Amino acid sequence: MVSTKITNQKIANIFSEIALYLHAEEVPFKPQAYEIAAENILALEEELSVSYQKCGKKCIDEIPGIGKSMADKIVEIVQTGKLKYFDQLKKKYPFEMLELTNIQDVGPKTALTLYKKLKIKTVDDLQNAAEKNSISKIPGMGTKTQRNILRGIQFLKSSSGRRIIHKVLPLAQNIAKKLQTVPGVTHVDIAGSLRRRKESIGDIDLLATTSNPKQLIKTFVSLPEVEKVLEQGNEKAMVRYTFGMQGDLLILKPSEYGAALLHFTGSREHNILLRELAINKKMKLSEHGLVHEKKIIAAKTEKQVYTALGLQEIPPEVRIGADEIKLAQKHKIPELIPYNSLKGDLQVQTDWSDGDSSIEEMALVAKTFGLSYFAVTDHTKSLTITNGLNEKRLLEQGKAIDKLDKKLKNFRVLKSTECDIKKDGSLDLSDRALETLDVVSVSVHSNRNMEKKEMTQRILRAMKHPLVHILFHPSGRIVNVRDGYNVDMDKIIKAAKEYKVALEVNGSERLDLHEKYIRQAIELGVKLVISSDAHAPKHFVNLDFGIGQARRGWATKADVLNTKTVDEFLKAIKK
DNA sequence: GCCGTTTTCGGCCCGACTGTTTTCAGTCG
């Protein structure tokens with residue numbers, strides 16, 4: 001029996017909690033092993049319960065950081081919904097380790113002490129104890145610790161965890177911009193998961209160089225965006241922002257900037273692998289540089305550090321601690337698609353359906369984003385809520401586009417559609433109407449809860465349609481909102497190859513495809529398009545997030561059809 | 001508990017900051 005209710009998140013949580021208990025017990029090395037396993041499980045796109053059904057323990061054992069012992073444990077969880085080893089630990093330590101250590105400044109050892117001394121089991125217990133002044137009486141803890149714990153609980157209750165990159169990046173850029181104007185400052189850069197373009201962001205890491213560190217730290221902690229200062233040293237400060245996130249500012253020596261940028265960009269797993277590689281070469285890597293026999297041999301730029309380690313420079317977006325280092329050793333990291341390299345946008349909604357603006361308004365703004373063409377892809381009639389187009393209105397729109405196209409200079413508007421894939425896999429518009437278009441794109445919007453087999457068949461049928469060029473948001477997920485449809489993505493990718501249908505990398509908050517499938521599609525030779533899914537002029541920034549996502553999936557310029565000029569693009573999609 | 005261009009045994013990432021202490025433990029990134 002396999003329980004599909006066991007999610008990867010749940011398994012990762014169990015492993016993380018085991019790591020914390022082992023850490024509290026001061027067991028050497030095992031905690032890190034469980035932590036790494038938990039991280040790697042979270043990065044998986046496919047549910048482990050599904051992988052196990054597909055090919056048993058073998059598939060699980062192949063996951064990096066998971067060996068025989070943990071594979072057995074995962075199988076036990078997937079089969080029974082429980083893990084005996086974990087239950088024993090919970091019996092021994094019946095307190096909410098994971099929740100308690102979520103509080104800033106509370107780690108596994110503090111949580112254990114709190115349980116032993118005051119029988120604290122939950123965050124609420126801890127809050128009560130702190131409010132009664134009991135924490136400060138524990139040896140090794142004082143009034144400041146007690147106060148910090150209370151603040152941490154308050155923050156935890158008011159914040160909502162990781163946020164989507166679309167919301168966080170503009171905030172970070174704005175703060176960085178302000179710091180750049182402080183006298184003496186030479187560099188301010190965004191590091192951490194923002195620089196790696198992760199889909200969701202936990203905190204904001206900023207790095208800077210300046211001739212006047214004191215002044216910069218002082219300005220930083222006094223910014224109007226800063227609600228509370230959590231740490232303030234000579235080269236580092238940590239704050240809580242008014243928008244409910246935390247952030248660091250680190251001040252660095254210009255001579256060590258590359259090593260520090262590398263360190264604070266992460267990921268943690270990537271850094272660990274780099275340091276292990278350094279040790280193998282009788283060197284030591286830290287944020288201060290790569291050191292050999294007490295002499296710094298590389299530190300100024302990231303490239304210098306990678307080169308000194310015998311590696312090709314690795315782009316931030318793929319620094320996840322998987323196979324990127326091995327490929328960099330063989331100099332097999334491809335040149336990823338550059339930012340700002342798109343010439344067109346293949347998904348744009350206008351006021352003909354649920355967009356805010358006219359085709360012309362959208363076109364004028366698109367030009368300012370460096371585009372020379374886009375496809376108008378209003379919804380179709382099944383989606384009545386969006387005022388979707390029927391055949392008649394589509395033809396009218398075509399005429400309007402012809403007229404506009406003559407008027408616009410250096411910009412081409414393509415006739416297109418986001419044609420709804422109906423429940424049975426047929427399309428929402430007649431072939432005759434579709435034949436009038438330059439590009440036909442299709443996607444699923446209704447009946448999202450179909451069984452996997454039916455949903456897969458439905459999408460495959462639409463892809464097989466001879467007039468279809470592009471499949472939009474192939475998995476149906478929206479980051480932090482909902483998971484994708486139940487669909488066999490392997491089959492979709494193979495069909496994309498067979499029927500010559502491009503897959504969309506949607507740059508909106510969908511960020512759909514997932515990077516794993518982007519990489520898989522590319523390896524099979526499937527072509528991609530990156531689009532903004534703009535419903536308003538300001539949404540063209542989504543193209544940038546789409547490129548970030550594509551880079552995370554190892555896409556090159558050649559893999560992405562809308563890096564081409566409009567004529568080349570139209571030629572490339574021809575069947 | 002994982003892993004292997006040095007290895008199937010014997011290794012396992014590094015440093016700043018804070019709070020509570022008189023030299024360090026815990027947390028964090």
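The structure displayed is predicted, hence computed values, not measured ones. All chains are named by letter (A, B, ...) in the order of the sequence lines, taking the proteins before the strands, and each is independently numbered beginning at 1.
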Spell out, as yes or no, whether a donor-acceptor pair under 3.5 Å connects the side chain of Asp189(A) to the backbone of Leu207(A).
-> no
Which part of the nucleic acid, if any, lies within contact of Thr143(A), taking any heavy atom under 4.0 Å across all strands shown: a base, the sugar-phosphate backbone alone, or nothing?
-> sugar-phosphate
Length of the CD1-P vector between Ile272(A) and dG29(B), whole Å = 14 Å
Roughly, in whole Å, what's the span from CD in Glu35(A) to C1' in dC28(B)?
-> 12 Å
Looking only at side-chain atoms of Glu231(A), point me to the closest of dA16(B), dT18(B), dG1(B).
-> dT18(B)
Check every atom of dG29(B), dG19(B), dA16(B) against the side chain of Asn148(A) and return the nucleotide holding the closest atom.
-> dG19(B)
Checking dT20(B), dG29(B), dC14(B) against the side chain of Met238(A) (C-beta onward), the nearest is dG29(B)
Assign Asn280(A) to base, sugar-phosphate, or nothing according to its heavy-atom contacts below 4.0 angstrom with the strands shown.
-> base
Contact class for Leu285(A) (heavy atom, under 4.0 Å): base, sugar-phosphate, or nothing?
-> sugar-phosphate
Heavy atoms under 4.0 Å, any strand shown: does Ile66(A) hit a base, just sugar-phosphate, or nothing?
-> sugar-phosphate
Charged N to carboxylate O below 4.0 Å: is that the case for Glu25(A) and Lys30(A)?
-> no
When the C1' atoms of dT18(B) and dT23(B) are considered, how many whole Å apart are they?
-> 15 Å
Euclidean distance for P, dG15(B) against dG10(B) (whole angstrom) = 27 Å
Counting side-chain heavy atoms from C-beta on, which of dG29(B), dG19(B), dC17(B) comes nearest to Asp205(A)?
-> dG29(B)
Sugar-phosphate only, base, or nothing, as touched by Lys30(A) at under 4.0 Å among non-hydrogen atoms | base
For Pro64(A), which contact category applies under a 4.0 Å heavy-atom criterion: base, sugar-phosphate, or nothing?
-> sugar-phosphate
Can you tell me how far P of dA25(B) sits from CG of Leu114(A), to the nearest Å?
-> 19 Å
Please work out if Pro108(A) contacts a base, only the sugar-phosphate, or nothing of the nucleic acid, heavy-atom cut-off 4.0 Å.
-> sugar-phosphate
So what does Gln329(A) hit on the nucleic acid, given a heavy-atom distance under 4.0 Å: a base, only sugar-phosphate, or nothing?
-> nothing
Base, sugar-phosphate, or nothing: which does Gln32(A) touch, judged by heavy atoms less than 4.0 Å apart?
-> nothing
Check whether more than 12 heavy atoms from other residues, nucleotides or ligands sit under 6.0 Å from atom CG of Asn234(A), and answer yes or no.
-> no
Here the distance between atom P of dG26(B) and atom CD of Gln104(A), to the nearest Å, is 18 Å
Whole-Å distance between dC14(B) P and His270(A) NE2?
-> 16 Å
Starting from P on dC2(B), measure out to CD on Glu62(A) and report it in whole angstrom.
-> 15 Å
May I ask you to check if Lys119(A) and Tyr115(A) form a cation-pi contact, with NZ or CZ under 6.0 angstrom from the six-membered ring centre and within 45° of the axis?
-> yes
Scan Asp105(A) against the nucleic acid and name what it touches under 4.0 Å (heavy atoms): base, sugar-phosphate only, or nothing.
-> sugar-phosphate
Between Thr145(A) and dT18(B), is there a side-chain N or O to OP1/OP2 distance below 4.0 Å?
-> no
Separation of dC12(B) atom P from Leu274(A) atom CG, nearest Å, is 17 Å
Residue Lys121(A) excluded, over 12 heavy atoms near NZ under 6.0 Å | no
Does Lys109(A) or Ser69(A) map to a spot on DNA chain B nearer the 5' end, using the closest nucleotide for each?
-> Ser69(A)
Can you tell me, in whole Å, how much space there is between the C1' of dT20(B) and that of dA25(B)?
-> 9 Å
Any idea which heavy atoms bring Gln180(A) and Val188(A) closest together, and the distance?
-> NE2-O, 3.3 Å
Closest listed nucleotide, where the reference is the side chain of Ala33(A) and the choices are dC2(B), dC14(B), dC17(B) = dC2(B)
Rounded to whole Å, the CG-C1' distance (Leu309(A) to dT5(B)) equals 15 Å
With the side chain defined as heavy atoms from C-beta on, Tyr34(A) is closest, among dG1(B), dG29(B), dT18(B), to dG1(B)
With side chains defined as the heavy atoms from C-beta onward, is the minimum distance between Pro315(A) and Ile333(A) less than 4.5 Å?
-> yes
Hey, does Ile103(A) reach any base, or is it just sugar-phosphate, or nothing, if we go heavy atoms under 4.0 Å?
-> sugar-phosphate
dT8(B) -> Watson-Crick or G-U wobble partner, both distances under 3.5 Å, gives none
dT7(B) and dC12(B): how far apart are their C1' atoms, nearest whole angstrom?
-> 13 Å
Rounded distance in Å between the P positions of dT21(B) and dT27(B) = 16 Å
For the side chain of His288(A), counting heavy atoms from C-beta on, which of dG1(B), dG15(B), dG19(B) is nearest?
-> dG15(B)
Closest to side chain of Glu276(A), choosing from dC12(B), dG29(B), dA16(B) = dC12(B)
Base, sugar-phosphate alone, or nothing: which one does Lys281(A) contact when heavy atoms must sit under 4.0 Å apart?
-> nothing
More 5' along DNA chain B: Lys282(A) or Gly65(A), using each one's nearest nucleotide?
-> Gly65(A)
When you measure from the side chain of Asp248(A), which nucleotide among dG29(B), dG1(B), dT18(B) comes out closest?
-> dG29(B)
dC2(B) to dT8(B) separation - C1' atoms, rounded to the nearest Å | 12 Å
Relative to the ring of Tyr34(A), is the ring of Phe15(A) parallel (under 30°), tilted (30 to 60°) or perpendicular (over 60°)?
-> perpendicular
Lys452(A) NZ: over 12 foreign heavy atoms closer than 6.0 Å = yes
Lys68(A) side-chain N/O to dC3(B) phosphate OP1/OP2 under 4.0 Å = no
Regarding the side chain of Met70(A), the nearest nucleotide among dG29(B), dC2(B), dC14(B) is dC2(B)
